[in-house]
Amino acid sequence: MDMSQFAHEQVVIRQDERSGLTAIIALHSTRLGPAAGGCRRWRYAALDDALTDALRLSAGMTYKNALAGLPFGGGKSVILADAGTRPTEAQLAVFADWLNELDGRYVTAEDVGMGVAEMRTMARRSRYVSGLGEDGIGGDPSPKTAYGVFLGLKTAVQYRLGVEHLHGIRVAVQGLGNVGMSLCHWLARAGAELYVTDIDAGRVREAVERFGATGILPDALLDTPVEVFAPCALGGVIDDAVASTISAQVIAGAANNQLTDPGCGDTLAARGIVYAPDFVINAGGVVSVAHEYLAQQDHFTGVVDYSSERWVGERIDAISHRLLDILQEAEARGVSTETIAVERAQKIVDAGADHAAAAA
Ligand code: NAI
């Protein structure tokens with residue numbers, strides 16, 4: 001694993017023998033504020049795979065938080081899990097202690113395999129946890145993520161297909177978890193024709209019943225003729241082969257790190273496929289989590305009304321315009337949307353760092 005490619009500030013790999021916890025906490029950047037990003041609990045084949053995931057996901061969080069205008073840097077944590085297990089109280093306690101040792105430089109929240117219940121358990125021991133849903137704000141970020149993805153998807157469809165609505169537009173949704181199922185809700189309401197898959201057949205059945213979707217076997221989804229592909233499972237779904245052959249005209253989904261490498265973005269652009277960069281359109285959840293965390297910590301009291309959801313709503317609505325700007329600049333310059341989005345995020349991070357240096 002080449003750890004230099006993203007230039008992380010700090011990467012912690014820890015093991016606690018007594019509770020059986022092994023975790024990685026990757027702090028990519030704290031230039032704009034504490035590194036914020038969820039905690040993923042997943043079954044990895046090897047520690048190296050988990051490390052790669054943590055490094056890539058945390059760098060993505062830096063870009064996501066910067067573009068969303070949040071006063072947070074980027075981080076991510078990964079817990080190595082055995083299939084079919086839940087984290088024990090003891091493991092969550094140890095992880096909370098590790099958060100405390102970082103002294104607020106990293107703030108965690110939900111991600112795949114970690115829900116509100118786990119966050120609440122950890123929050124009893126550490127204040128560096130968000131996504132708790134207490135006092136009527138925040139909580140599970142997934143519905144907010146899904147709504148932002150829906151707005152981004154609509155913008156991308158409008159840009160590529162020139163239609164203002166999703167009526168009759170065929171969308172393939174991969175992954176019907178917290179975000180994917182909620183995205184299906186918005187898409188169905190908008191009249192889209194849904195083709196859905198999940199490795200959990202029960203979830204496919206649910207989407208078929210609730211949304212009149214057509215269930216597809218996981219391996220067949222990419223061969224299904226659709227206008228839009230919405231990856232909402234795990235990352236790495238667009239590799240060279242997929243980028244060169246996929247027939248969808250728009251790719252817009254929630255999964256982090258959809259492209260296996262930036263070159264795939266170039267291939268998609270060359271083929272006229274509009275790719276909505278994941279970290280641009282899936283920011284709704286972290287906006288909610290950031291809002292909740294700032295409210296808890298009592299930051300900026302008097303400047304922002306944290307009792308109101310308006311702060312969150314305005315930032316999620318802004319996803320449409322932000323994406324449109326990126327699509328237009330990418331087309332004008334003949335480069336990929338991923339390149340433009342990373343460039344813009346990096347500029348924000350650099351400007352924030354200069355600002356901090358000038359103020360010091
Ligand atoms: P989840 O764990 O609730 O759902 C993931 C779903 O994908 C599960 O139903 C799982 O069975 C399915 N799945 C896994 N591998 C699959 C495969 N090969 N083919 C088909 N289905 C497969 O996770 P959640 O929260 O819905 O997140 C989905 C994606 O969105 C993840 O990549 C996550 O990092 C990303 N994301 C989630 C956010 C949130 O607010 N929950 C925020 C930003 C990004």
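What's counted below: heavy atoms across the whole structure, side chains too, no hydrogens, waters or symmetry copies. Atoms within each ligand, like the ligands themselves, are counted from 1 in listed order.
In the model, Tyr159 has a side-chain atom that pairs as donor or acceptor with a side-chain atom of Glu331 under 3.5 Å. A side-chain donor-acceptor contact under 3.5 Å links Arg41 and Thr85.
Where the criterion is an N or O separation shorter than 3.5 Å, residue side chain and backbone included, Thr145 meets it with respect to ligand 1. Between Ser142 and ligand 1, a contact under 3.5 Å exists for at least one N or O pair. An N or O contact shorter than 3.5 Å links Arg40 to ligand 1 by distance. Between Asn256 and ligand 1, at least one N/O pair is under 3.5 Å apart. An N or O contact shorter than 3.5 Å is missing between Asp200 and ligand 1 by distance. Ligand 1 has an N or O atom lying under 3.5 Å from an N or O atom of Ala233, backbone or side chain. Residue contacts with ligand 1: Lys64 is placed with no nitrogen or oxygen under 3.5 Å of a nitrogen or oxygen of the ligand (distance criterion only).
Remark: ligand 1 atoms within the under-4.0 Å shell around heavy atoms of Pro141 are 40 (O).
Of the protein's non-hydrogen atoms, Ile199 CG2, 4.0 Å is the one closest to atom 19 (N) of ligand 1.
Using a 4.0 Å cut-off between a side-chain N of Lys or Arg and a carboxylate O of Asp or Glu, Arg125 and Glu89 do not qualify as a salt bridge. Salt bridge Glu164/Lys154: absent, no basic N to carboxylate O contact under 4.0 Å. Contact check on Asp278 versus Lys64 returns no salt bridge, with no Lys/Arg side-chain nitrogen under 4.0 Å from an Asp/Glu carboxylate oxygen. Using a cutoff of 4.0 Å between basic side-chain nitrogens and carboxylate oxygens, Arg40 and Asp53 are scored as salt-bridged.
Contacts between Val286 and ligand 1, counted as non-hydrogen atom pairs separated by less than 4.0 Å, are absent for every part of the residue.
By the 4.0 Å heavy-atom criterion, Gly235 is excluded from the residues contacting ligand 1. Under the 4.0 angstrom criterion for non-hydrogen atoms, Glu110 is not in contact with ligand 1.
When the heavy atoms of Leu217, Asn282, Asp198 are ranked by distance to atom 11 (O) of ligand 1, first place goes to Asp198.
Cluster annotation: Val287 and Ile326 are assigned to the same hydrophobic cluster (Ile/Leu/Val/Met/Phe/Trp/Tyr, side-chain heavy-atom contacts under 4.5 Å, transitive).
Note on ring orientation: taking the six-membered ring where Trp is involved, the planes of Phe279 and Tyr63 are tilted (angle from 30° to 60°).
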